[in-house]
Amino acid sequence: QVQLVESGGDLVQPGGSLRLSCTASGSGFSIVAMGWYRQAPGNQRELVATINGGSNYKDSVKGRFTISRDNAKNTVYLQMNSLKPEDTAVYYCKADILPFGKSVGGLTYWGQGTQVTVSS
């Protein structure tokens, strides 16, 4: 089984910065893509950023957030700068996994979320 473990969520003042991290553990798979999603109370879960060679961002975070992966490609980061109250949400890591020996039949795994609160 693949497990995703997230960390880095915290309480921060508007204009502050946080860095989220997510590490995928397990064996027998390769990671096709990773990304970050978020969900605020009363809202739908929405895409924040994804990385698969190139990167893609939600319009409202462009220029403020940066997604990256380490050299081993088992950890994804989300550097969040100039945080705003509307960024407050539970942030979830997502990984698209392809088991070794397969070219189709990939699986999606989710972390359990880390709380980001932006408030004075």
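- With contacts defined as side-chain heavy-atom distances shorter than 4.5 Å, the pair E46/K58 qualifies.
- Donor-acceptor pairing under 3.5 Å is lacking for the side chains of T117 and T88.
- Contact of the L18 side chain with the L83 side chain is registered, since non-hydrogen atoms from C-beta on lie closer than 4.5 Å.
- Remark: Q112 CD is loosely packed, at most 12 non-hydrogen atoms of other residues, nucleotides or ligands lying under 6.0 Å away.
- Under a hydrophobic clustering in which Ile, Leu, Val, Met, Phe, Trp and Tyr are joined whenever their side-chain heavy atoms come within less than 4.5 Å, directly or via other members, V48 and V12 fall into the same cluster.
- Residues M34 and K94 form no side-chain contact, since every pair of their non-hydrogen atoms from C-beta on lies 4.5 Å or further apart.
- The pair K84-D87 does not count as a salt bridge, with every side-chain nitrogen at least 4.0 angstrom from each carboxylate oxygen.
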Q.
Go through it in stages, so that I can follow the logic: the residues are I97 and T108, the test is side chain to side chain contact (heavy atoms under 4.5 Å, CB included), and I'd like the CA-CA distance, side-chain angles, deciding distance and then a yes or no.
A. CA-CA 6 Å; I97 302 296; T108 297; over 6 Å; no
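- Rounding to the nearest 0.5 angstrom, the gap separating the CG atom in L78 from the CZ atom in F65 is 6.0 Å.
- Contact check for S119 versus L11: side-chain heavy atoms found under the 4.5 Å cut-off.
- With contacts defined as side-chain heavy-atom distances shorter than 4.5 Å, the pair F29/L98 does not qualify.
- Contact of the I51 side chain with the Y57 side chain is not registered, since no non-hydrogen atoms from C-beta on lie closer than 4.5 Å.
- For CD of Q3, the number of neighbouring non-hydrogen atoms (other residues, nucleotides, ligands) closer than 6.0 Å is 12 at most.
- Counting heavy atoms from C-beta outward, R69 and I31 have side chains that approach closer than 4.5 Å.
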task = Show your working on side chain to side chain contact (heavy atoms under 4.5 Å, CB included) between V61 and R38 and close with a plain yes or no.
result = CA-CA 12 Å; V61 309; R38 68 187 183 189; 4.1 Å; yes
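- Residues Y37, L47, V90, Y92 make up the rest of the hydrophobic cluster containing W110, defined by ILVMFWY side-chain heavy atoms closer than 4.5 Å, directly or through other members.
- Rounding to the nearest 0.5 Å places OG of S7 at 8.5 Å from CZ of R19.
- Taking the side chain as every heavy atom from C-beta outward, L4 and T23 never approach each other to under 4.5 Å.
- Other residues, nucleotides and ligands contribute over 12 non-hydrogen atoms within 6.0 Å of the CD atom of E86.
- Looking at E6, its side chain never comes within 3.5 Å of a backbone N or O of L20 through a donor-acceptor pair.
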**OP:** In sequence, state the C-alpha distance, the side-chain angles, and the governing distance for W36 and I67, and then conclude on side chain to side chain contact (heavy atoms under 4.5 Å, CB included).
**Re:** CA-CA 8 Å; W36 290 95; I67 188 170; 3.9 Å; yes
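- Annotation for V76 and C93: closest pair CG1-SG, 3.9 Å, computed over non-hydrogen atoms.
- Of the candidates R64, M80, Q79, Q79 is the only one forming a side chain to side chain contact (heavy atoms under 4.5 Å, CB included) with S17.
- The hydrophobic clustering, which links ILVMFWY residues whose side-chain heavy atoms are closer than 4.5 Å, places Y109 and Y77 apart.
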